[in-house]
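This report concerns only the one structure given below.
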Number of protein chains: 2
Amino acid sequence: MTVCNLISKLQLRFTKVLSFGFCIILLVLTLSTPALAQERDQMVRFAKIKVDPLQLVEYTTALKEQMETAVRVEQGVLSYHAVADKSDPTTITILEIYADSAAYQTHILTPHFLKYKETVKDMVKSLELVDLNIIGIAKKPDH
Amino acid sequence: MTVCNLISKLQLRFTKVLSFGFCIILLVLTLSTPALAQERDQMVRFAKIKVDPLQLVEYTTALKEQMETAVRVEQGVLSYHAVADKSDPTTITILEIYADSAAYQTHILTPHFLKYKETVKDMVKSLELVDLNIIGIAKKPDH
């Protein structure tokens, strides 16, 4: 085997390794893109609500019914976390996550959402909506 | 069979049904109490943080590392949802859920939390902690 032959063989092997590596990178990119796109498209926000103290029980009942129904029947409603300040239970914040803004537009026309809005219209003293980006979510599998 | 015998038999059957029902109710209460107690004990809060704009990338890197490590290695750290205002990415809110206040007290002495606090001490411009009660959580199984 001449030196030229050896160099030629090494070049061929190098090209093969390079091609294989390129294919792997392409595959990883192709597989991960839909997941990244899904997260990027998500519509996330806080609904900050002040509730009439005299109607707090009725309000939370209506809110829980709305949240549970929406998550159960709507594909694009991903999660709601509703919390109240310990120092003032009438100050309520809901962290809402929708698959995308189209899912949200569908959501606000559903019968259960319209029923909720009608039920609570005289219970809510103020509503502030804050659009958000997710930095990170870390949680136990069952949480 | 006399009428007295019949009444006595019916009384015995009624007592049996009553005992059985009582046992079922007791069983349900016993099984559901730990879950209710678990939720009642949870320590939930918002950490509202203003970050130095010049150190935002470094801050979110440190935050994500802290959240992921804590949830992975600490039994009592249940979940973190970290979000930033779209209109101002330096305004960050973290919804934190711990199994109970003992779990939180353990958490703040862990090496990963102390490392995070040391790393971000000059990146955080202000920190407000708001204790919360959960009204309700509704979510798809994988969220």
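Every chain is numbered from 1, with letters handed out A, B, ... down the list of sequences. Hydrogens, waters and symmetry mates are skipped; everything else that's a heavy atom, side chains included, is used.
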Among B:Leu78, B:Asp85, B:Ile97, B:Thr60, the residue with the most heavy-atom pairs under 4.5 Å to chain A is B:Leu78
Please answer: with hydrophobic residues joined when any side-chain heavy atoms are less than 4.5 Å apart, are [X] and [Y] in the same cluster?
X: B:Val83; Y: B:Leu56; result: no
X: B:Ile137; Y: A:Ile137; result: yes
X: B:Met43; Y: B:Ile108; result: yes
X: A:Val77; Y: A:Met67; result: yes
X: B:Tyr80; Y: B:Ile49; result: yes

Under 4.5 Å, heavy atom to heavy atom, which residues of residues 113-132 of chain B contact chain A?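 Residues B:Val130, B:Asp131, B:Leu132 are the ones that qualify, each having a heavy atom under 4.5 Å from chain A.
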Scored by heavy-atom pairs under 4.5 Å with chain B, the best of A:Ser79, A:Ser87, A:Pro89, A:Ala138 is A:Ala138
Contact summary for A:Gln75 and B:Lys140, nearest pair of heavy atoms: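 Looks like O-CE, 3.3 Å.
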Heavy atoms of B:Ala84 and A:Ile135 approach each other most closely as CB-CD1, 3.9 Å
Here the salt bridge (charged side-chain N to carboxylate O under 4.0 Å, His left out) pairs for residues 89-112 of chain B, sequence neighbours left out, are B:Arg45-B:Glu96
### Plane angle bin for A:His81 and B:His81 - parallel if under 30°, tilted between 30 and 60°, otherwise perpendicular
tilted
**Report entry** Structural part of B:Glu74 lying under 4.5 Å from a heavy atom of chain A
**Finding:**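 For B:Glu74, the contact with chain A is made by the backbone alone.
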### Interchain contact, B:Leu95 with chain A, by part (heavy-atom threshold 4.5 Å)
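Only the side chain of B:Leu95 comes within 4.5 Å of chain A.
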Whatever's closer than 4.5 Å to a heavy atom in chain B on A:Thr91 counts as neither
